[in-house]
Amino acid sequence: MDLADWTPRPVPPRAPIDGRYVRLEPLGPDHADTLFDAAAAPGADDRFRWLPERPQDRAAFDAWLARAVLSTDPLFFAVIDKATGRAEGRQAMMRIDAANGVAEIGNIMWGPALQRTRMATEALYLTAACVFDLGYRRFEWKCNALNQPSRRAAERFGFAFEGVFRQHMVVKGRNRDTAWYGMTDGDWQRIRPVYDAWLSPDNFDEAGRQRTPLRLAPAASA
């Protein structure tokens, strides 16, 4: 692979990313009320189990939000349900390495209205499309190796499993072995049309149920 003409890629902009079902908006104070509702909804223990911090009340949430809004890496986005205008979750582009064309999605908190819906899938899709449209070569997903739901999600979304970094981090006073997943620009060329077909309104019935499942075969692991 000849990269003699490679140049650093642009840093992903702090700008909205619009889709059919969701819009990713740079996180801001105007998202506080509905995002707090999504964070505090039933099932919060499971949603925050693997995240580095969990605001326990509105004051703690507002303090977290004030820090997150100012962050450039992670670059936080609210996931807006376009049908309601509510922020039903948040996620981030992070570990942005423009020099080498690598970025990661992380800090994902999808509330009950997003979980296991086409909106969550589109939120991932929009982030991947933004990264690869900027000319990045690699898009990453990492999680605690014990986090089986996250690992299943990575595989469903088309990331290839690349291994486990043992004793990688200390999180909440406990060891974290990190499972690494990756997607290259070549992978994206192959799987983007599958995403486009799956996200088409024709693929869903009047109740929003998928007619054809999303089936993405990841590249072979290294």
Side-chain angles (χ1 to χ4, degrees), residues 10-98 102-131 134 139-144 147 149-150 153-154 157 169-174 176 178:
V11 173
R14 187 188 291 273
I17 307 172
D18 202 40
R20 281 196 179 98
Y21 313 112
V22 300
R23 181 173 58 256
L24 305 183
E25 294 182 355
L27 190 63
D30 52 329
H31 302 126
D33 290 342
T34 55
L35 187 57
F36 177 75
D37 289 345
D45 287 346
D46 289 334
R47 284 194 300 281
F48 282 92
R49 186 181 309 279
W50 305 104
L51 290 172
E53 58 180 314
R54 175 187 175 182
Q56 295 295 325
D57 53 33
R58 182 58 189 262
F61 174 84
D62 287 343
W64 172 86
L65 183 68
R67 296 192 301 272
V69 165
L70 297 176
S71 175
T72 58
D73 191 347
L75 176 59
F76 283 94
F77 289 83
V79 183
I80 309 299
D81 178 350
K82 292 182 69 172
T84 65
R86 295 176 59 87
E88 297 291 0
R90 48 90 164 172
Q91 58 192 51
M93 297 184 198
M94 56 190 290
R95 304 186 189 278
I96 300 166
D97 181 356
V102 181
E104 176 183 343
I105 186 169
N107 274 285
I108 296 171
M109 193 290 294
W110 291 335
L114 295 180
Q115 292 173 336
R116 293 178 292 278
T117 71
R118 57 184 165 179
M119 292 189 291
T121 300
E122 188 178 53
L124 181 283
Y125 167 88
L126 293 174
T127 307
C130 175
V131 166
L134 289 171
F139 186 45
E140 297 179 333
W141 176 296
K142 303 187 186 83
C143 62
N144 191 308
N147 186 349
S150 183
F157 290 139
M169 301 172 71
V170 177
V171 179
K172 297 178 181 176
R174 303 189 68 177
R176 169 173 147 164
T178 298

Mind checking whether [X] and [Y] have side chains closer than 4.5 Å, heavy atoms only?
X      : Y      : answer
Met119 : Asp81  : yes
Trp110 : Thr117 : no
Leu126 : Arg23  : no
Ile105 : Phe77  : no
Asp62  : Pro55  : no
Gln91  : Leu24  : yes
Leu27  : Leu35  : yes

Give, for atom [atom1] of [X] and atom [atom2] of [Y], the distance between the pair rounded to the nearest 0.5 Å.
X      : Y      : atom1 : atom2 : result
Asn107 : Glu53  : CG    : CD    : 8.5 Å
Ile17  : Ile80  : CD1   : CD1   : 12.5 Å
Thr127 : Met93  : OG1   : CE    : 5.0 Å
Met94  : Phe76  : CE    : CZ    : 7.5 Å
Tyr21  : Arg118 : OH    : CZ    : 4.5 Å
Trp50  : Asn144 : CH2   : CG    : 4.5 Å

Non-hydrogen atoms of [X] and [Y] that approach each other most closely:
X      : Y      : answer
Arg54  : Ala44  : NH2-CB, 3.4 Å
Ala123 : Val79  : CB-CG1, 4.1 Å
Ala92  : Pro74  : CB-CB, 3.7 Å
Ala41  : Pro112 : CB-CG, 3.7 Å
Leu65  : Pro29  : CD2-CA, 4.1 Å
Ala87  : Thr34  : N-OG1, 3.1 Å

Is the side chain of [X] donor-acceptor paired with the backbone N or O of [Y] at a distance under 3.5 Å, no angle test?
X     : Y      : result
Glu88 : Leu114 : no
Asp97 : Val102 : no
Lys82 : Gly19  : yes
Arg47 : Ala39  : yes

(message) Applying salt bridge (charged side-chain N to carboxylate O under 4.0 Å, His left out) to Asp37 and Arg58, what does each step give before you reach the verdict?
(response) CA-CA 10 Å; Asp37 289 345; Arg58 182 58 189 262; over 6 Å; no

(message) Counting neighbours of CZ on Arg67 that are heavy atoms of other residues, nucleotides or ligands and sit closer than 6.0 Å, is the number greater than 12?
(response)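 Yes.
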
(request) Could you give me the CA-CA distance, side-chain angles and deciding distance for Arg95 and Glu140, then say whether salt bridge (charged side-chain N to carboxylate O under 4.0 Å, His left out) is met? (result) CA-CA 9 Å; Arg95 304 186 189 278; Glu140 297 179 333; over 6 Å; no

(message) We want to know whether Trp141 and Ser150 form a side-chain donor-acceptor pair, criterion being a heavy-atom distance below 3.5 angstrom.
(response)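 Yes - a donor-acceptor pair under 3.5 Å links their side chains.
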
